[in-house]
Amino acid sequence: MGLQIEQQWASFGGVQRVYSHDSDQTHCRMEFAVYTPPQVGDGAGAGPAPVLYYLSGLTCTWENATTKAGWQRAAAEHGVIIVAPDTSPRGENVPDADRYDFGSGAGFYVDATRQPWSKHYRMYSYITQELTGIVAREIVGADPARQGILGHSMGGHGALTIALKNPDLFRSVSAFAPISSPMRCPWGQGALGGYLGQDEAAWAEYDACALIAARGWSGDILVDQGAADQFLEEQLKPELLEQACAEAGVSLTLRRQPGYDHSYYFIASFIDDHMRWHMERLV
């Protein structure tokens, strides 16, 4: 089956939709959400408008951030299209694990190489090759020459690593409470080992700190981190990202926000800042 609209709602003069399609990369039916601002509309020749991809964290789908992050008002104000994919493949024939941090909902935006994960868990290629192509072809008004990417937690890790490896696709990148170095935290070690095996050279291809050391980044990076985040010390480790950027000469704005935790209250509080930041870089 081709691209289908599953749901849609009016929001701040624009439209929030959910699409589904059969994926060549994940070999299952995938869903993703798109907010189209009122400046674009649905008419012929509408746009072009910049596109922001938002990657969610562990256990989430497109729905969590779409309903809780509050980006529709800011997207309508700035005239930007927001695309929110799922966090993993799903379905009866897709393998899963009895853990919240691995398997369904926890694709970690990698291309798995180990069985039984390698057939379906290809979220890196799904986003960089398939989803961006669908958006460019099918979403009215989307400007593929002006794309940015952001995400939260596992999705912050995904946004950073995908942007660092694809500067031709994404001109701007930011993150909320990203897993800064999955090679050096329990969440990342479990996921990378499970999907990729124990070769740490393969892990380094999905570690933002390692990629910055190896490739750098010609632009700048914005990160917001809640100082009261329950995962801060064990899993997120923003000081490692700070060190990697300093050593590589990459401009990083790391804002430690007092009193904020890991929740969507945190994201909703600063989503407007991230939207403005991306728009300044996608003019």
Side-chain angles (χ1 to χ4, degrees), residues 7-12 14-18 31-37 51-78 80-88 90 100-101 104-109 123 127 148-160 162 172-180 182 185 187-188 191 221-238 241 253-279:
Q7 302 178 73
Q8 68 178 40
W9 308 269
S11 181
F12 291 96
V15 181
Q16 180 70 63
R17 292 187 176 92
V18 178
E31 290 188 343
F32 63 94
V34 177
Y35 179 74
T36 302
V51 182
L52 285 181
Y53 288 80
Y54 180 95
L55 307 186
S56 290
L58 288 169
T59 76
C60 293
T61 70
W62 57 264
E63 185 174 17
N64 300 77
T66 299
T67 58
K68 297 178 182 178
W71 64 47
Q72 290 86 355
R73 182 185 58 78
E77 176 185 348
H78 294 288
V80 60
I81 293 170
I82 310 289
V83 179
D86 204 342
T87 53
S88 79
R90 300 176 192 267
Y100 78 94
D101 58 353
S104 182
F108 264 82
Y109 305 100
M123 291 302 297
I127 291 167
I149 191 167
L150 69 159
H152 172 229
S153 193
M154 179 186 73
H157 138 75
L160 290 170
I162 286 172
S172 59
V173 60
S174 71
F176 295 94
I179 302 172
S180 294
C185 76
W187 277 345
I221 300 170
L222 172 63
V223 170
D224 272 306
Q225 173 63 62
D229 192 316
Q230 62 269 42
F231 304 115
L232 177 58
E233 294 184 6
E234 183 179 23
Q235 305 286 7
L236 306 177
K237 304 185 178 185
L241 182 65
T253 300
L254 173 58
R255 308 192 306 183
R256 293 174 169 88
Q257 304 291 0
Y260 285 90
D261 63 6
H262 203 67
S263 70
Y264 283 97
Y265 295 109
F266 162 60
I267 297 170
S269 297
F270 300 104
I271 191 69
D272 286 19
D273 291 353
H274 283 246
M275 199 79 66
R276 285 191 293 270
W277 190 88
H278 281 276
M279 291 301 292

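None of the values given here were measured: they were computed from a predicted structure.
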Worked verdict on E31 versus T61 for side-chain contact (heavy atoms from CB on, under 4.5 Å): CA-CA 9 Å; E31 290 188 343; T61 70; over 6 Å; no
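- The minimum heavy-atom distance linking G259 with A227 is given by the pair N-CB, 4.4 Å.
- Taking both residues in full, the closest heavy atoms of I149 and H278 are given as O-CE1, 3.4 Å, listed atom of the first, atom of the second, then distance.
- The CG atom of N64 sits 8.0 Å away from the OG1 atom of T87 when rounded to the nearest 0.5 Å.
- A donor-acceptor pair under 3.5 Å is absent between the side-chain atoms of S153 and the main chain of G57, judged by distance alone.
- Between F266 and F176, the angle of the ring planes goes over 60°, which puts this pair in the perpendicular group of the 30/60° scheme.
- Between S172 and W277, the shortest heavy-atom distance links the atoms CB-CZ3, 4.2 Å.
- No more than 12 heavy atoms of other residues, nucleotides or ligands lie within 6.0 Å of OH in Y265, so this atom counts as exposed by the packing criterion.
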Stepwise side-chain contact (heavy atoms from CB on, under 4.5 Å) check, I271 with L150: CA-CA 10 Å; I271 191 69; L150 69 159; 4.1 Å; yes
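- Of all heavy-atom pairs between A84 and W62, the closest is O-CB, 3.3 Å.
- Here CD1 of I221 is found 10.5 Å from CG of L254. Values are rounded to the nearest 0.5 Å.
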Step-by-step side-chain contact (heavy atoms from CB on, under 4.5 Å) determination, I127 to F32: CA-CA 11 Å; I127 291 167; F32 63 94; over 6 Å; no
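- Taken to the nearest 0.5 Å, the CD atom of Q235 stands 12.5 Å off from the CE atom of M154.
- Put simply, the side chain of P238 does not reach to within 4.5 Å of the side chain of V223, judged on heavy atoms.
- Annotation: the span from M123 atom CE to D86 atom CG amounts to 6.5 Å, rounded to 0.5 Å.
- Aromatic rings of Y260 and F270 (six-membered ring for Trp) have centroids within the 6.0 Å cut-off, being under it.
- Exactly one residue among H152, H274, R256 makes a side-chain hydrogen bond (donor to acceptor under 3.5 Å, both in side chains) with D224. That residue is H274.
- Residue L232 holds its CG atom at 9.0 Å from OG of S180, rounded to the nearest 0.5 Å.
- Rounded to the nearest 0.5 Å, atoms OG (S174) and CG (L52) are 7.5 Å apart.
- Defined by atom type and a distance below 3.5 Å, a donor-acceptor pair is present between the side-chain atoms of Q16 and Q72.
- No side-chain heavy atom of I81 sits under 4.5 Å from any side-chain heavy atom of Y35.
- A159 approaches G151 most closely through the heavy-atom pair CB-N, 3.8 Å.
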side-chain contact (heavy atoms from CB on, under 4.5 Å) evaluation trace for R255 with Q225: CA-CA 6 Å; R255 308 192 306 183; Q225 173 63 62; over 6 Å; no
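- Here F231 pairs with W187, H262 under the ring-ring contact (aromatic ring centres under 6.0 Å, His included) rule; sequence neighbours left out.
- Taking the six-membered ring for Trp, Y54 and W71 have ring centres closer than 6.0 Å.
- With a 4.5 Å cut-off on side-chain heavy atoms, P178 and L236 do not count as touching.
- Closest non-hydrogen pair, S104 versus R90, comes out as OG-NH1, 3.3 Å.
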